[in-house]
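A short worksheet on the structure shown next.
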Amino acid sequence: MSEAALRLRRFGLVAVPLLALGACGALLRPELTRLVAPPPPDAPPPAFRVAGEPLGTGADPVGDALDLVRRFARATIVLTLPDGAKRELQPAMLGAEIDRVRLADVVRNSLDPKTAVGRGYRERRASDPALTVELPVPLQVSTERAVKTLVALKDELDQAPLDAVVDLDKRALRPERVGYRLDVYGTLARLDAALREGKREVAAAVDTIAPRVSASQLGNVNFERVLGWFETRYAEDAKHYTRTYNLRQAASRLDGTVLMPGETFEFNRTVGPRDEANGYKVAPVIAEGELVDGIGGGTCQISGTLHAAAFFTGLDIVSRTPHTRPSSYIKLGLDAAVAYPTIDFKLKNNLEEPVVIHETVKGGVVRAEILGSHRKRTVSFFRRVDEVTPFEETERETDDLPKGKRVLSQRGVPGFKTTVLRIVREGAYAYRTKIRNTYPPTTQIVRVGTGPSDAADAKVKEDRSLEYRADEYLVLTQGPDIRTPGVSEAEPAGGMVESRSPGRYGDPGWQEKLGMKVFEGAADEGDAEGTASTEDTKKASTDQDGAKKSDSQKDDQKKTGSKKDADKKGDQKKGDQKKGDQKKTGSKKDADKKNAAKKDTTTKTGAAASKGRGRGGVDKR
């Protein structure tokens, strides 16, 4: 017997018993015959649904299915966010289009018992008479258009985390809030799948961002005592409404922030972007040394006041940038510029206990406090002006002024280089930190008219600010055992004493004495540093419109008035002793005095006209 015949015989010995066994099984279990035999041709198909709606069994099922898909494509699809918020989207916003060819194939194959799909549905229907089959919805999404829509939505939906903070008004903890970022491509995949399945609601795909501090971490925080504080002033008039609004907005974002021991506070991270989406308004900001309108103006006063409070608490100043021009609301060396996201202010809690940041804006005063359990440190601020750089003057022609007319649109501010020493005393120990600051000079800008004689010069805004003054030497000390001069009541937060030495740069007219450029007809009394914002300085400085005069000017006026009174009495006495020609002499002297007084008044009026009332170097970011 050949080898091929032997192989065939062996196969037969195995195959015949297996076939016999299969036949017996088919007799015992008839349902197994479905593996080799199709269901009866008259077996009914299951119920079908398209986009959640039943598909009719009429003469044109493909047309009916197309109507249902069109209806679904016109409806909205709801995107659900982690916080429960919802956003409605139209499939058209995702570039969704109906694939009609695929829809027709799906419907025909599902209904045709001769196709594998049709037979399968009928077999399932035979075992489950209540079976309902959801047919896929052939909607194709345009990736490019969908991504564009979701990226725009991401800008609106992304939510930064909020740390648990202390609500200082209610004396309670405000719980944390988890932040999230929309995952554009993950959400797109979910939307694509939902459209194919005919679903009308989809959970957005997001990346969660955990907050830094949770309420459980703050259970034992003690904030009964003020460890350090500082105050600055701002204008409350209607003109500065938007700036005041920004002050309150920024302060509310950081008020109640808790810093654990060793933790670093970041101003930009805590306060967030200063834009319209976050509720900020247009107010003056500094751009390349000039004041211009910008979103979020005023925020720097919040950061500067907080920096000064942290300075006098003795906290570590990790990152701080001085302004590009001095600010009238705060002393040189205590300011802190911020600009989201490039320029930040950071401080670190170097105490062994948590501290709470408290900052308020009310009644024309911005007050920042660092709160804790007990104040132990006394902190001194020593500042010396090392060098002054004269400012430059530039003229810019404009058709908005009559030819030849000159208007000061930005007052020049000299540049300053200062050295600051901070001495922190705690018990028998003390340590010193040296800080050097540089404030570049601010260019003086004069608008020169080239227009017709009837040009409306109201379009050119005049800078009615005063000469900036800074004490050459300044010492501020704050601590639990310090008492503020003139304050009789108790000071639980600790008092502050100030020692000033005007030196070369703190008296009115110092710029002209040092040979700096002074705008024509100007010799004003000047704007002392750290007094107030622009309009407050306007109210607190001397001018010929009857504004409140400074203390030094009042003293000068008292002395001048006393001298004039003495001169008048002397003249009267001489008039009693001598008559005739002496009366003429007295009259001549009185006339000379009146002329001199008139001349002096004219000079001061010119100063007020050119230098105005407030300081143009206020950084209002």
Side-chain angles (χ1 to χ4, degrees), residues 81-83 85 87 148-165 174 176-184 187 204 206-213 234 240-259 263-288 290-307 310 318-324 327 335-347 357 359-361 366 368 618-621:
L81 304 175
D83 61 356
R87 293 293 185 278
K148 184 177 180 180
T149 298
L150 292 177
V151 166
L153 194 63
K154 176 181 173 65
D155 293 337
E156 176 189 349
L157 300 182
D158 281 3
Q159 176 177 281
L162 289 181
D163 296 335
V165 298
R174 191 171 68 204
E176 70 278 8
R177 184 187 72 186
V178 176
Y180 55 81
R181 289 189 294 261
L182 183 69
D183 181 349
V184 171
T187 302
V206 298
D207 297 323
T208 58
I209 312 169
R212 236 173 0 96
V213 182
Y234 65 91
H240 293 86
Y241 166 77
T242 56
R243 186 178 187 275
T244 303
Y245 182 92
N246 292 338
L247 291 176
R248 294 196 174 101
Q249 187 77 357
S252 68
R253 298 296 179 92
L254 57 84
D255 186 45
T257 299
V258 179
L259 289 183
E263 186 178 358
T264 298
F265 166 86
E266 300 178 17
F267 187 91
N268 281 340
R269 181 185 184 279
T270 304
V271 176
R274 273 76 81 186
D275 52 28
E276 289 180 313
N278 285 279
Y280 290 91
K281 299 181 181 295
V282 174
V285 300
I286 288 180
E288 298 182 357
E290 295 187 35
L291 282 175
V292 297
D293 285 339
I295 301 294
T299 313
C300 283
Q301 185 166 354
I302 298 300
S303 60
T305 310
L306 177 60
H307 165 255
V318 178
S319 176
R320 171 252 172 192
T321 303
H323 286 95
T324 55
S327 300
D335 59 314
V338 289
Y340 190 90
T342 54
I343 303 175
D344 205 355
F345 164 58
K346 302 178 184 179
L347 61 90
I357 295 174
E359 190 153 5
T360 58
V361 179
V366 178
V618 180
D619 188 298
K620 297 186 178 180
R621 282 180 294 180

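Just so you know, residue 1 is the first one in the sequence shown, and it goes up from there.
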Does the pair Ile302 and Val338 meet the rule for a side chain to side chain contact (heavy atoms under 4.5 Å, CB included), with working shown? CA-CA 10 Å; Ile302 298 300; Val338 289; over 6 Å; no
Looking only at non-hydrogen atoms, find the nearest pair between [X] and [Y] and report the distance.
X	Y	result
Ala160	Arg177	O-NH2, 2.9 Å
Ala310	Leu347	CB-CD2, 3.7 Å
Pro82	Val206	CG-CG2, 3.5 Å
Pro322	Ala337	O-CB, 4.0 Å
Ala283	Thr242	CB-OG1, 3.9 Å
Leu157	Arg87	CD2-NE, 3.4 Å

Nearest 0.5 angstrom please: [X] [atom1] to [Y] [atom2], how far?
X	Y	atom1	atom2	result
Thr270	Glu266	OG1	CD	7.5 Å
His323	Ile343	NE2	CD1	8.5 Å
Arg269	Asp344	CZ	CG	11.0 Å
Arg243	Thr299	CZ	OG1	9.0 Å
His307	Phe267	NE2	CZ	13.0 Å

Determine, stepwise, if the pair Glu359 / Thr257 fulfils side chain to side chain contact (heavy atoms under 4.5 Å, CB included). CA-CA 10 Å; Glu359 190 153 5; Thr257 299; over 6 Å; no
Please work out which of the three classes, parallel, tilted or perpendicular, describes the rings of Phe265 and Phe345, given edges at 30° and 60°.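 Judged by the thresholds at 30° and 60°, the geometry between Phe345 and Phe265 is perpendicular.
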Give the C-alpha distance, both sets of side-chain angles, the deciding distance and a yes or no for side chain to side chain contact (heavy atoms under 4.5 Å, CB included) between Asp83 and Tyr180. CA-CA 10 Å; Asp83 61 356; Tyr180 55 81; 3.4 Å; yes
Under the side chain to side chain contact (heavy atoms under 4.5 Å, CB included) test, which residues partner Ile295, sequence neighbours left out?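 Side chain to side chain contact (heavy atoms under 4.5 Å, CB included) list for Ile295, sorted by chain: Glu276, Tyr280, Val282.
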So, using side chain to side chain contact (heavy atoms under 4.5 Å, CB included) as the criterion, who are the partners of Lys154 when residues are at least two apart?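 Side chain to side chain contact (heavy atoms under 4.5 Å, CB included) check on Lys154 returns Asp158, Arg181, Leu182, Val184.
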Arg274: partners by salt bridge (Lys or Arg N to Asp or Glu O under 4.0 Å), with sequence neighbours left out: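 Arg274 satisfies salt bridge (Lys or Arg N to Asp or Glu O under 4.0 Å) with no other residue.
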Any salt bridge linking Asp255 with Arg174? Criterion: basic side-chain nitrogen under 4.0 Å from a carboxylate oxygen.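 A salt bridge is absent here (no side-chain N lies under 4.0 Å from a carboxylate O).
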Does Asp183 reach the main-chain N or O of Asp207 with its side chain, forming a donor-acceptor pair under 3.5 Å?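 Side chain of Asp183 to backbone of Asp207: no pair is present.
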Under the 3.5 angstrom rule, does the side chain of Gln301 hit a backbone N or O of Ser327 as a donor-acceptor pair?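 Not at all, since once roles are kept as given, no pair shorter than 3.5 Å links the two residues.
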Decide yes or no on side chain to side chain contact (heavy atoms under 4.5 Å, CB included) for Val271 and Tyr340, but give the supporting numbers first. CA-CA 9 Å; Val271 176; Tyr340 190 90; over 6 Å; no
